[in-house]
Structures are given as structure tokens and as C-alpha cells.
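Following: one structure in C-alpha cells, then a few remarks.
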Amino acid sequence: MPASDRGRCQRCCGCIFSLGVTALFLWLSLRTSKPICSIQDFYVPALDKSANSTANTSISFDLKLDNKNRDKGIYYSSLNLTFYYGSDPVANQTFPKFYQGFNKKARRRAAVETRGFFGPGQNGSDQVLRVGLVTSVRFKIIFWKTKRHKLVVGAEVKVNEFGKKEYEKGIRLRSGAPEPRCYPALPFGIIVYILLNLVFSI
């Protein structure tokens, strides 16, 4: 092989390698993770035997939203929470949409009135409720926003005889299916298209 062709081949291989590394770096930087949602505090006065306040049918809770993305903000649609006793919904709470900066935490606290709730001791000393959260999120990456991604998570909350959640640690709300990674398809597709055109134009 002539020296000129050999040098041209080496330059081509080096360019392809550099573009591949660049594409990998961009793919890693564009990858996003959905927020971690958890119940930090939970109190049901009607289940507190020490207070004997069955007339108070509210549920007080503290919802924590944790954006673990290091350089990507999150736009939340309305947060819709539903509280279940067995299969029956007993309360609902909605929080308005908001923006959360990267690597930030947000808290949403409220006391919501229940309907057709129960008193302590109906099914033993401990009661189990379920909290469901439905919303959608968009990620802000540099100067563009991704499409909306549905977020449907939930968890059971075991309440003790004092009307509080049994475990001190926060209870993470999880999806019934494995949580997929979210990718901004349009910007990443454009980048790949440009890189491929650069490679084949050499």
C-alpha cells in the first residue's frame, strides 16, 4: 500500500475512533433518570389509639421528590396522589406543576380529608394503606426539553397503633414494572445523524 494511502487510512480510522468516543460521551451525558419519590412522614389521627380522635379522618403526609440527575432539571406536571384502603380509594390530593433544578430535592406536605374511612382496631393493631402517585415529567437538558414521560409509582404504608408509619425511614414509591432510562430521542438522533454523515463523507 502506498504511503499516501496508508496515511489516509490512518487518518480515517483516527477520525472514526474520535467520533465514536464523542458519540459515546454525548449518549452518556444525555441519559436521564426519573426522580425518586418517597413518603417521609405519614400520620392518620383516626388510627392513633393514644389520641382517641376517631372524628379526625384526615391523613397527613410528607412527599419527597429527589432529582438525582447532576445536570438536568425536571418539569413536573400536576402531582396526583391517591390513598387507598384495600382496593378502595379514600382520599385524593393534587399539587400544581413545578420545575425542579438538577440535583435538588423538593417536599410536598398536606393534610387531606378521607371519605368513608375507618377507626383503629378494625383489622388488628396495624393497618395498611397504599399511596399512588401519577404525573409526567420532562427533562431540561442545556437549552432543550425532552418529551413527556409518564410516572406512575406507589407503595404500601403500614400504620402502627399510634397512627404513624411503622418504619422511620422514608418509603420509596416504585413502579410495578422496571423503570426504564429516559432518553431525549430527537436531539440524540440528530447528533447521531450528523456524526454518521461526517464519517461517510471522509
If you look only at pairs with a residue in [range], which of them pass as a salt bridge (charged side-chain N to carboxylate O under 4.0 Å, His left out), with sequence neighbours excluded?
range            : value
residues 76-102  : none
residues 127-144 : none
residues 56-65   : D62-R107, D62-R109

Looking only at heavy atoms, what is the nearest atom pair of [X] and [Y], with distance?
X    : Y    : result
P35  : Y76  : CB-OH, 3.2 Å
S175 : V153 : N-CG1, 3.7 Å
H149 : K147 : CD2-O, 3.2 Å
Y85  : Q127 : OH-OE1, 3.3 Å
A155 : R172 : CB-O, 3.5 Å
P89  : T82  : CB-CG2, 3.9 Å

Main-chain N/O of S77 paired to S136 side chain as donor or acceptor, under 3.5 Å: no

Expected output: side-chain T57 to main-chain E113 donor-acceptor under 3.5 Å: no

Could you check if a side-chain atom of [X] sits within less than 4.5 angstrom of a side-chain atom of [Y], using non-hydrogen atoms only?
X    : Y    : answer
L173 : L63  : yes
L79  : F98  : yes
R115 : N92  : yes
F61  : V112 : yes

List the atom pairs, donor and acceptor, that lie under 3.5 Å between side-chain atoms in residues 36-47 and the rest of the protein, sequence neighbours left out.
unit_1	atom_1	unit_2	atom_2	d
S38	OG	Q40	NE2	2.7
Y43	OH	D48	OD2	2.8

Working to the nearest 0.5 angstrom, can you tell me the gap between [X] [atom1] and [Y] [atom2]?
X    : Y    : atom1 : atom2 : result
N67  : Y99  : CG    : OH    : 8.0 Å
N160 : Y167 : CG    : OH    : 10.5 Å
K68  : K72  : NZ    : NZ    : 14.5 Å
D71  : N103 : CG    : CG    : 9.5 Å

Side chain to side chain contact (heavy atoms under 4.5 Å, CB included) involving A111 - partner list, sequence neighbours excluded: S60

What residues form a side chain to side chain contact (heavy atoms under 4.5 Å, CB included) with K104, not counting sequence neighbours? Q100

Taking atom types as modelled and ignoring hydrogens, do the side chains of S78 and T94 form a donor-acceptor contact shorter than 3.5 angstrom? no

Is I59 reachable from F95 through a run of I, L, V, M, F, W or Y residues, each pair having side-chain heavy atoms under 4.5 Å apart? yes

Verify same cluster id: F83, I171 (apolar side-chain graph, 4.5 Å): yes

Here's a test for you: under side chain to side chain contact (heavy atoms under 4.5 Å, CB included), which of N69, L65, L151 qualifies with I74? N69

